Amino acid sequence: MSTDTEADVQPADDAGVLTKAYRSVSPRYQSHGNTEMDSIGWALFLGILVLLVPLLPFLLIVWVLERSVRALAAVRGRD
């Protein structure tokens, strides 16, 4: 024989709904900053920035060439 009452049993369609809450003896979690991970994130960002900024002029040249080729192709297609 089961010891669960009807209030403790969850219906099949409400599988994620909490029906019985328990008090905890552990202290509540207080949010705080994580300085170590913040510094790692900034280091990664600056490292990527240092690597990609020298490539920016080349990317700009490729973008301008690509736009001009598309514009010329559109003009030739109308003739």
Side-chain angles (χ1 to χ4, degrees):
M1 179 167 196
S2 176
T3 59
D4 292 334
T5 62
E6 283 187 22
D8 294 336
V9 178
Q10 297 178 352
D13 59 345
D14 284 339
V17 177
L18 180 68
T19 59
K20 192 172 184 181
Y22 296 98
R23 291 184 182 251
S24 175
V25 293
S26 60
R28 291 185 180 260
Y29 175 74
Q30 298 295 325
S31 180
H32 61 280
N34 194 345
T35 333
E36 295 85 10
M37 288 304 291
D38 190 40
S39 60
I40 290 173
W42 277 108
L44 283 173
F45 171 72
L46 292 174
I48 290 171
L49 195 66
V50 165
L51 289 175
L52 291 181
V53 165
L55 294 177
L56 194 58
F58 299 109
L59 293 174
L60 185 63
I61 290 170
V62 169
W63 180 74
V64 167
L65 287 174
E66 187 262 336
R67 296 283 294 200
S68 60
V69 167
R70 280 192 183 187
L72 288 174
V75 169
R76 284 183 119 190
R78 284 190 237 161
D79 292 339

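Since this is a predicted model, take the numbers as computed values, not measurements.
Neither V64 nor V69 shares a network with the other; the hydrophobic side chains, linked directly or stepwise wherever heavy atoms of I, L, V, M, F, W or Y lie under 4.5 Å apart, form separate groups for each. Hydrophobic clustering of Ile, Leu, Val, Met, Phe, Trp and Tyr side chains at less than 4.5 Å, counting indirect connections, keeps F58 apart from V53.
Remark: I61 CD1 to L56 CG distance equals 10.0 Å, nearest 0.5 Å. In this structure, L51 CG and L46 CG are separated by 11.0 Å, a value rounded to the nearest 0.5 Å.
A search for side-chain contact (heavy atoms from CB on, under 4.5 Å) contacts involving L52 returns I48, L55, not counting sequence neighbours.
The only option from I40, D38, L44 that meets the side-chain contact (heavy atoms from CB on, under 4.5 Å) definition with W42 turns out to be D38.
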